[in-house]
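These notes concern the structure reproduced below.
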Amino acid sequence: MNGAELAIISSKFQGVCQQMANTLMRTGRSGVLNTAHDFSCCILDANNSFITADESLPVHVLAGPDLMAKNIDKFHPIKKRGDAFLINSPYHGGSHAADHTIIVPIIDDKGVHHFSVCAKAHQADIGNSKPTTYMADVEDVFEEGALLFPGTKIQENYSDIQDIIRMCEIRFRAPEQWKGDYLAMIGAVRIGERELLNMGSEIGWKNLSQFVTSWFDYSEKRMRAAIKKIPSGNVTITTKHDPFPNLPKEGLKIKVNVDIDNVSGLIKVDLRDNPDNIPCGLNLTEATTRSGVMTGIFNSIDHTVPPNSGSFRCVEMKLRKGCIVGIPEHPYSCSLATSNICDRLENAVVQAFAKMGEGYGMAECGSLLPPATGVISGQDPRNNKFFVNEIFLFHTAAGAAPETDGWLTLTGMGSAGLCLLDSVELDELRFPMKVYKQEIYMNSEGAGRRRGAPAAYVEFGPFGKGSNMKVAYASDGTHFPAAGVRGGGNASKAQQYKIDKFGKKINLPIVHEVELLENERIVSITQPGGGYGPPYERELPRVQKDFVERWITKKRAFDVYGVKFTSEGEINLKETLIKRKLLQKLLKKLLKKKNN
């Protein structure tokens, strides 16, 4: 297959994914779908190899759909056109219980299975023992309480299997909302099915099969070429997660060993030297372990390399069963498997690349689940109906890269900035809440030649007579903030506190489900990103812009970046040069002491 044909057909496959995603975005009922875009769509071949995705979260698709499809093959070896399967089990390829996935086989008129389409969408509620999809402080999946589907047929001959639908409707707190999101997912995969059947008729199934083989070979070739541009080396990175319930009091250490061989174009990642599964909700699934590694790698190489099963041939992972960063054993809970420790894993991989040499990798990004992106729930006094939804208010999180400052709306490395921030007006219309303030939190960024994104300050609470709400969150980075690399500074720490009706500030735990009464508010200062390279190397106009826009104070500009501003806001070049030479000597002394 020639290059032109490869480009055209790959674009057609991406176009199918775009149509699926557009359907989910426009027809999803919950805010987590129709506003925040917390969903992904992809296509697999008949051997369950990952072909493509578009506008999809890396943590959802870089591993997982293949594992889920393999389990569906095991439970349902004979498939027919019109079948659809629901799966969310963390022990059967799912990312975590909150991510419901619908997989539909693409079967031609002769009954031959050629492809599968997959729609994965985070649910507002999944029947957990508390009204949140993130249960950090539970001992096992039974205490978590989610309704799990290990690969369950939910449609046959294009009709719902009503027993399964009724199970969900009676278990979930907002059944109408769930049903709307389910129908959106079904609509998405059926559109994908229709389009692929049309492609099979138009292009021919044999030609599409030939495309997949060529596409994987091309992607592998591109991946090996990208790896060969990176210095060879073997690096072990240790990062630490905050001391959540049931974790060690000094925090949980996560070790990642990355070996790069730029001769053969191969990356090996060893995660076996990590703790066993722990009785809490932070255990990773095999899907999120693999996707976390891939997310870190694809954030560190040439961005034009297609992520698919072809390029994945250049990555070898060593995982251990029963490991918190590996393959979980039942009944350990994996409720937060797409965030928290997965965030730390992704960040450790990009830090390893940064250790390989200047211009590679990136600094650590902040974690995903502060109160600003927590799950709200309660009774709406306007209609007396129960509400539950994950909100996506202002959250930054991005660490710095070699050439760019941290992205202001990343929210988390595993989402790649594809989760959109909520419209304040829509949130206030949908829920009995008010957002009082959203702004950049000054002096919070990880300083560097390229700085991390600053923190966000978010203040919100229930609104209206007799209104109250619960906010569930799991705020990593309160103790151990995102780290800088190659001389870059660490980010500031996350914070969360309540303001009662008298204006008194009450500090909150790092993991909590807080109830806010009428006239009370919660403040979330989110976790920003680390810096890349020494701050004293940051170009003067960039420092001046941050100062003028009030992201940093005059004192921080001088103390950290070595830039002296006059009372008129102009740069005093003489004092700046003196200060920067002093900072350079100081950093060299610190690095020498650290290496000894």
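Reckoned from all heavy atoms, side chains included, excluding hydrogens, waters and symmetry mates. Please read these numbers as outputs of a predicted model, since none were measured by experiment.
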Atom of [X], atom of [Y] and distance for their closest heavy-atom approach:
{"X": "Pro528", "Y": "Ser492", "value": "CD-O, 3.4 Å"}
{"X": "Ala483", "Y": "Ala363", "value": "O-CB, 3.7 Å"}
{"X": "Cys342", "Y": "Gly292", "value": "SG-CA, 4.2 Å"}

Can I get a per-line list of side-chain donor-acceptor pairs under 3.5 Å for residues 56-66, giving both atom names and the distance, sequence neighbours left out?
| residue | atom | partner | partner atom | Å |
| --- | --- | --- | --- | --- |
| Ser56 | OG | Cys41 | N | 3.1 |
| Ser56 | OG | Cys41 | O | 3.1 |
| Ser56 | OG | Asp54 | O | 3.1 |
| His60 | ND1 | Ser40 | OG | 2.8 |
| His60 | NE2 | Asp99 | OD2 | 3.3 |
| Asp66 | OD1 | Gly64 | N | 2.9 |

Whether the side chain of [X] engages the backbone of [Y] through a donor-acceptor N/O pair (distance < 3.5 Å, no angle test) should be reported.
{"X": "His479", "Y": "His241", "value": "no"}
{"X": "Ser444", "Y": "Ala455", "value": "yes"}
{"X": "Glu445", "Y": "Ala491", "value": "no"}
{"X": "Arg449", "Y": "Tyr536", "value": "no"}
{"X": "Asp38", "Y": "His122", "value": "no"}
{"X": "Thr285", "Y": "Gly94", "value": "yes"}
{"X": "Asp422", "Y": "Phe392", "value": "yes"}
{"X": "Asn572", "Y": "Glu575", "value": "yes"}
{"X": "Gln438", "Y": "Phe394", "value": "yes"}
{"X": "Asp242", "Y": "Phe244", "value": "no"}

Do [X] and [Y] have side chains that get closer than 4.5 Å, going by heavy atoms?
{"X": "Glu144", "Y": "Ser335", "value": "yes"}
{"X": "Leu583", "Y": "Tyr561", "value": "no"}
{"X": "Leu345", "Y": "Asn347", "value": "no"}
{"X": "Ile376", "Y": "Met433", "value": "yes"}
{"X": "Met294", "Y": "Pro307", "value": "no"}
{"X": "Val375", "Y": "Asn389", "value": "no"}
{"X": "Asp476", "Y": "Arg344", "value": "yes"}
{"X": "Tyr436", "Y": "Val523", "value": "no"}

Sequence neighbours excluded - side chain to side chain donor-acceptor pair (under 3.5 Å) pairs with any residue from residues 313-322: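 Output for this query lists Asp217-Arg313, Glu220-Arg313, Asp276-Arg320.
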Which residues satisfy the side-chain contact (heavy atoms from CB on, under 4.5 Å) test with [X], sequence neighbours excluded?
{"X": "Lys588", "value": "Gln584"}
{"X": "Leu590", "value": "none"}
{"X": "Ala557", "value": "Val543, Ile552, Phe565"}

[X] side chain to [Y] side chain, donor-acceptor N/O pair below 3.5 angstrom:
{"X": "Asp343", "Y": "Ser367", "value": "no"}
{"X": "Ser311", "Y": "Arg224", "value": "no"}
{"X": "Asn257", "Y": "Thr236", "value": "yes"}

Which residues share a salt bridge (charged side-chain N to carboxylate O under 4.0 Å, His left out) with Lys554, sequence neighbours left out: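 Here no residue qualifies.
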Can you tell which of Glu537, Glu403, Glu539 makes a side chain to side chain donor-acceptor pair (under 3.5 Å) with Arg450?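 Option passing the side chain to side chain donor-acceptor pair (under 3.5 Å) with Arg450: Glu539.
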Are Arg521 and Phe460 in a cation-pi setup, meaning NZ or CZ lies under 6.0 angstrom from the ring centre and within 45 degrees of the ring axis?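 No, a cation-pi geometry is absent between Arg521 and Phe460.
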